[in-house]
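What follows is a single structure, written as structure tokens, with notes after it.
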Amino acid sequence: MSDALFSGTPVTLTDMLQARENRSSLQRELLAADEKATLLVATMNIPGPVKNSVPLTAVFEELITEIEEAVKELIPLANLYRSLETGPEYYLVLPTDPYELKRMMVQIETHHPYGRLVDLDVLAKTQDQLLPISRTEIGLPTRSCYVCEQDAKVCGRSRTHSVADMQQQIRKIIQERVKE
């Protein structure tokens, strides 16, 4: 699996920036239908030029199953899955409180064996602005780094770890789950 994990189509920084812009546009569109709805956006958190592969898609789909199980009491207003070279994306619009949904998603990020590999962003709409709900807003610490357990954003901004080191940690996370 190690060889297949990061064997996919490499993407460029330009590709990633365009994907981010496309996600932002889609987020606005999905929340435009119902001002009181909450949007969940799931994306993989994979460093390096390859953002999608067969094994990464399998990991992502397992996490989608976990998400859908967590919110099974709610009737989705919209549900969209996209498998892109820039990484898989999953959107779920729900009639629920954004802070409660964020708490549920943090449980998945924290307790599911693959939870560290996915970003489960929760957004609400306030007037014409998209409001992301952060972990700190619900009294929780920020996410930790794959490699050293420090604040992930600090390590990411300062490029504390090499892509190879982070990918090795991802391999380890996935291999541990496969052994279960």
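Quick caveat: nothing in here was measured; it's all calculated off a predicted structure. Positions are given from 1 along the sequence.
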Q: Kindly indicate, with the supporting measurements, whether the criterion side chain to side chain contact (heavy atoms under 4.5 Å, CB included) is fulfilled by Leu123 and Ile133.
A: CA-CA 6 Å; Leu123 300 110; Ile133 308 302; over 6 Å; no
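- With salt bridges taken as basic N to acidic carboxylate O contacts below 4.0 Å, none links Lys102 and Asp97.
- Under the 4.5 Å side-chain contact rule for hydrophobic residues, Tyr81 and Leu94 share a cluster.
- Closest heavy-atom contact between Glu137 and Pro132: OE2-O, 3.3 Å.
- Residues Leu77 and Leu31 share a single hydrophobic cluster, defined by chaining ILVMFWY side chains whose heavy atoms lie under 4.5 Å apart.
- What you find for Leu39 and Leu30 is that their closest heavy atoms are CD1-CD1, 4.1 Å.
- Using a 4.5 Å cut-off on side-chain heavy atoms (C-beta onward), Thr136 and Leu140 make no contact.
- Hydrophobic cluster membership differs between Val54 and Val11, with clusters built from Ile, Leu, Val, Met, Phe, Trp and Tyr side chains linked at under 4.5 angstrom.
- Residues Pro95 and Lys36 form no side-chain contact, since every pair of their non-hydrogen atoms from C-beta on lies 4.5 Å or further apart.
- Met16 has its side chain within reach of Lys51: a pair of non-hydrogen atoms, C-beta onward, lies under 4.5 Å apart.
- For the residue pair Val50 and Ile46, the shortest heavy atom distance occurs at O-CG2, 3.6 Å.
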Q) Does the side chain to side chain contact (heavy atoms under 4.5 Å, CB included) test come out yes or no for Met166 and Val147, once each step is laid out? A) CA-CA 6 Å; Met166 290 184 285; Val147 179; 4.0 Å; yes
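- In summary, the side chains of Gln169 and Asp165 do not present any donor paired with an acceptor at a separation below 3.5 Å, with no hydrogens or angles considered.
- In Gln129, the CD atom is not crowded: 12 or fewer heavy atoms of neighbouring residues, nucleotides or ligands sit closer than 6.0 Å.
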Q | Derivation of the side chain to side chain contact (heavy atoms under 4.5 Å, CB included) call for Val118 and Tyr114 | A | CA-CA 7 Å; Val118 69; Tyr114 292 150; over 6 Å; no
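- A donor-acceptor distance shorter than 3.5 angstrom exists from the side chain of Asp151 to the backbone of Lys153, with no hydrogens or angles considered.
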**Q.** Verdict with supporting geometry, Asn22 and Ser25, side chain to side chain donor-acceptor pair (under 3.5 Å)
**A.** CA-CA 5 Å; Asn22 293 346; Ser25 178; over 6 Å; no
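- Taking hydrophobic clusters as Ile, Leu, Val, Met, Phe, Trp and Tyr residues chained together by side-chain heavy-atom distances below 4.5 Å, Leu130 shares a cluster with Val41.
- For the atom pair CG (Leu40) and CD (Gln27), the distance works out to 10.5 Å, reported to the nearest 0.5 Å.
- Distance check, rounded to the nearest 0.5 Å: OG1 of Thr38 to CG of Leu131 gives 10.0 Å.
- Here CG of Asn45 is found 7.5 Å from CG of Leu117. Values are rounded to the nearest 0.5 Å.
- Distance CG/Leu120 to CD/Gln107: 11.5 Å, rounded to 0.5 Å.
- A donor-acceptor distance shorter than 3.5 angstrom exists from the side chain of Arg103 to the backbone of Tyr99, with no hydrogens or angles considered.
- Leu84 and Phe60 fall into different hydrophobic clusters, defined by Ile, Leu, Val, Met, Phe, Trp and Tyr side-chain heavy atoms under 4.5 Å apart, directly or through other members.
- Counting all heavy atoms, side chain and backbone alike, Arg116 lies closest to Tyr146 at O-CE2, 3.5 Å.
- Remark: side-chain polar atoms of Thr65 are paired, donor with acceptor, to backbone N or O of Glu61 under 3.5 angstrom.
- Residues Ser144 and Gln150 fail the side-chain proximity criterion, which asks for heavy atoms closer than 4.5 Å.
- A salt bridge links Arg143 and Glu109; the closest N-O separation between the charged side-chain nitrogens and carboxylate oxygens is under 4.0 Å.
- Remark: the backbone N or O of Leu5 is paired with a side-chain donor or acceptor of Ser53 at under 3.5 angstrom.
- Residues Glu89 and Arg23 are paired through a salt bridge, judged by an N-O separation under 4.0 Å between the basic side chain and the carboxylate.
- Contact check for Thr110 versus Arg135: side-chain heavy atoms found under the 4.5 Å cut-off.
- To the nearest 0.5 Å, the span separating CG on Leu26 from OH on Tyr91 amounts to 4.5 Å.
- Counting non-hydrogen atoms of neighbouring residues, nucleotides and ligands closer than 6.0 angstrom, the CZ atom of Arg82 exceeds 12 such neighbours.
- Not one N or O on the side chain of Asp119 forms a donor-acceptor pair closer than 3.5 Å with the backbone of Thr43.
- Judged by distance alone, the side chains of Tyr90 and Glu68 do bring a donor and an acceptor atom under 3.5 Å apart.
- Between Ala37 and Val93, the shortest heavy-atom distance links the atoms CB-CG1, 3.5 Å.
- With contacts defined as side-chain heavy-atom distances shorter than 4.5 Å, the pair Thr12/Pro49 does not qualify.
- With no hydrogens or angles considered, no side-chain donor-acceptor pair links Asn52 and Thr9 at under 3.5 Å.
- Distance CZ/Arg159 to CZ/Arg157: 12.0 Å, rounded to 0.5 Å.
- Considering every non-hydrogen atom in both Ile108 and Ala70, the closest pair reads CD1-CB, 4.1 Å.
- Glu176 is not listed as a side-chain neighbour of Pro113, based on a closest heavy-atom distance of 4.5 Å or more.
- Checked by atom type and distance alone, the side chain of Ser24 never pairs as donor or acceptor with a backbone atom of Glu21 at under 3.5 Å.
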